[in-house]
Protein chains: 2
Amino acid sequence: MKEGPSIAAVAALIGDPARANMLGALMAGRALTAGELAREAGVSAPTASGHLARLGQAGLVLVEAQGRHRYFRLSGPDVAHVLEGLMGLAARTGRLRTRPGPRDPALRRARTCWDHMAGEWAVRLYEAFLADGRLAAAAGQVSLTAAGRSFFRAEGIDVAALETTRRPLCRACLDWSERRPHLGGGLGRAILDHAVARHWVRPTAESRALAVTPPGLAALRRWAANADKPLPATIAATGP
Amino acid sequence: MKEGPSIAAVAALIGDPARANMLGALMAGRALTAGELAREAGVSAPTASGHLARLGQAGLVLVEAQGRHRYFRLSGPDVAHVLEGLMGLAARTGRLRTRPGPRDPALRRARTCWDHMAGEWAVRLYEAFLADGRLAAAAGQVSLTAAGRSFFRAEGIDVAALETTRRPLCRACLDWSERRPHLGGGLGRAILDHAVARHWVRPTAESRALAVTPPGLAALRRWAANADKPLPATIAATGP
DNA sequence: CCGATGCTTCGGCGGAGGACGAAGCAATCG
DNA sequence: CGATTGCTTCGTCCTCCGCCGAAGCATCGG
């Protein structure tokens, strides 16, 4: 009994509503100021300051002072990954957030998930890539096929550079709104960067939602042309 | 703001020391009774009962009544995965459990991690498999090579059967004591089952530690002949 | 049957920690 | 140089929730 690192402390840290809201806001991948995070969490500035100090001390967020602002961001992909996992567990119980705002549909359609895309469009892309043989899923793992490599290369994504990092190239990430996987990992990030750089999608200021531009709609439709074809089986590659 | 499933509730649930201890105990993979979990968490039976009810309601654990006992176990690999991730975050801050008991070295040497092996030996095996070309790591993903497939087949592990499931065959799982990856996934589980079935390791009753038997030591040395790291010098294998 | 064991519900106690207002520093602006 | 903004520290209040003891149901053994 009582072996291993004390997960209770970290979990309790994430378990406070105000702090959880802050972390959730940081899941969009951008760095936010203390004031923004205070508003995001719905608490006063002093309260937020205390929370952020604790999150920083635990190594969950990193701070960068810029003038009279202090920018906070998640300290790494592992933090984002745990938060995602917690979202999955929370979604499993059916307990969804109790305030479905008017922004909800946009959020469901396309949003950022730490540093890659999530939502309907992301799931569509993922399934289209599988249907087109650009991605392959075997034994619960996703990998890029030769066809996929040349496809992304032709589209202007430097796959070879991504493969030099230790980060997994492809990663099936369970989408909490669709309950189906979308593409994460280095390639997932590259695709989001690509889509933003070409103005296919535009990050919104106040939320994780991604606005899809008209040219972006055409481009995404082109990429996902074969998504409607029935898939042999959905792959949910979560778990150890 | 405030979008997505409410992770705060789940995290707060895990964030209580007593509940975290219970979940940690269940990480060994076995189902435990309410009384055992109460002792594990260091709380009274009524307190434990309340905690377990909440964990069950949130879907983190499953209950099975058997006579006058109620057996609890983690509800799935995703829960175990999140717990592991939290361990990683906790270990990152350097805040380790404050009571390093006498059992600690054994625990560091070999233990279960939900349903596969962890600790020094698990890391050694993982690295040896990589060195021998039985596993391949590319772009952060681990996969079984043809050589590995025939190796495990010759050793009596039915790899083909594992590939029919949706669970990832190979998964690099960060070892919190070694800070280096070991093998999880379906193959990781199969290897642990194999080692237990052949009495190479023996699960201990009171902890996640695995006792390595003398024949097990020989077998593991054979499997890990080409690991980069020097062999663990000590043998703590008592007879069965 | 009766006693023992395992687990749960109930009620009351107590402490940890999250909330805010006021005040204090730092940085930017007119 | 004041004035304003952004953030932090301090002190205090108060709610929440984890804890246990006692009692109440079930199950198993004789």
Side-chain angles (χ1 to χ4, degrees), chain A residues 1-2 6-26 30-58 60-73 95 98 205-206, chain B residues 1-2 6-26 30-58 60-73 93 95 98 205:
Chain A
M1 61 171 163
K2 290 168 188 161
S6 159
I7 72 172
V10 199
L13 217 55
I14 306 175
D16 176 77
R19 288 191 293 261
N21 282 335
M22 291 177 176
L23 293 171
L26 292 175
R30 280 193 298 269
L32 299 174
T33 69
E36 287 169 330
L37 288 169
R39 257 167 278 132
E40 204 74 32
V43 294
S44 70
T47 305
S49 181
H51 284 318
L52 288 169
R54 294 183 61 181
L55 289 176
Q57 204 164 10
L60 297 187
V61 301
L62 296 178
V63 205
E64 197 172 348
Q66 226 171 71
R68 57 182 166 184
H69 296 277
R70 296 188 73 201
Y71 281 90
F72 292 85
R73 58 189 167 87
R95 304 176 144 273
T98 48
E206 71 283 352
Chain B
M1 61 170 163
K2 292 167 187 160
S6 157
I7 71 174
V10 199
L13 216 55
I14 306 175
D16 176 77
R19 286 191 293 260
N21 282 335
M22 291 177 176
L23 292 171
L26 291 175
R30 281 192 297 269
L32 299 175
T33 70
E36 287 169 331
L37 287 169
R39 258 167 278 132
E40 204 73 33
V43 295
S44 70
T47 305
S49 181
H51 284 318
L52 289 169
R54 295 182 60 180
L55 289 176
Q57 205 164 9
L60 296 187
V61 301
L62 294 178
V63 205
E64 197 172 349
Q66 225 171 74
R68 56 182 167 185
H69 296 278
R70 297 188 73 200
Y71 281 90
F72 292 85
R73 58 190 166 85
T93 74
R95 305 176 141 271
T98 47

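The shown structure was predicted, so the numbers you read here are calculated from the model rather than taken from an experiment.
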Nearest 0.5 Å, please: how far is [atom2] in [Y] from [atom1] in [X]?
X     : Y     : atom1 : atom2 : value
B:L52 : B:T47 : CG    : OG1   : 10.5 Å
B:L37 : B:S49 : CG    : OG    : 11.0 Å
A:R30 : A:Y71 : CZ    : OH    : 11.5 Å

Applying side-chain contact (heavy atoms from CB on, under 4.5 Å), can you list everything that pairs with [X], at least two apart in sequence or on another chain?
X     : result
B:R54 : B:L13, B:R19
B:A18 : B:D16, B:A41, B:V43, B:H51
B:A38 : B:A48

- Please tell me which of B:T47 and A:A48 maps to the more 5' nucleotide of DNA chain D, matching each residue to the nucleotide holding its nearest heavy atom. A:A48
Rounded off to whole Å, could you give me the [atom1]-to-[atom2] distance for the [X] and [N] pair?
X     : N      : atom1 : atom2 : value
B:R54 : D:dC17 : CZ    : C1'   : 8 Å
A:Y71 : D:dG6  : OH    : P     : 11 Å
B:L55 : D:dG18 : CG    : C1'   : 13 Å

- Item | Of A:A45 and B:F72, the one whose closest DNA chain C nucleotide lies more 5' | B:F72
- Extract, from 5' to 3' on DNA chain C, the first and final nucleotides lying under 4.0 angstrom from some heavy atom of chain A. C:dG18 to C:dT28
- Item | A:V10 side chain reached by B:I14 side chain, heavy atoms, under 4.5 Å | no
What pairs of nitrogen or oxygen atoms, one from the protein and one from nucleotides 27-30 of chain D, lie under 3.5 Å apart?
residue	atom	partner	partner atom	Å
D:dT27	O2	B:R68	NH1	3.4

- Message: Please give me every residue in residues 12-19 of chain B whose heavy atoms get under 4.0 Å of an atom in DNA chain D, ordered by residue number.
- Response: B:D16, B:A18, B:R19
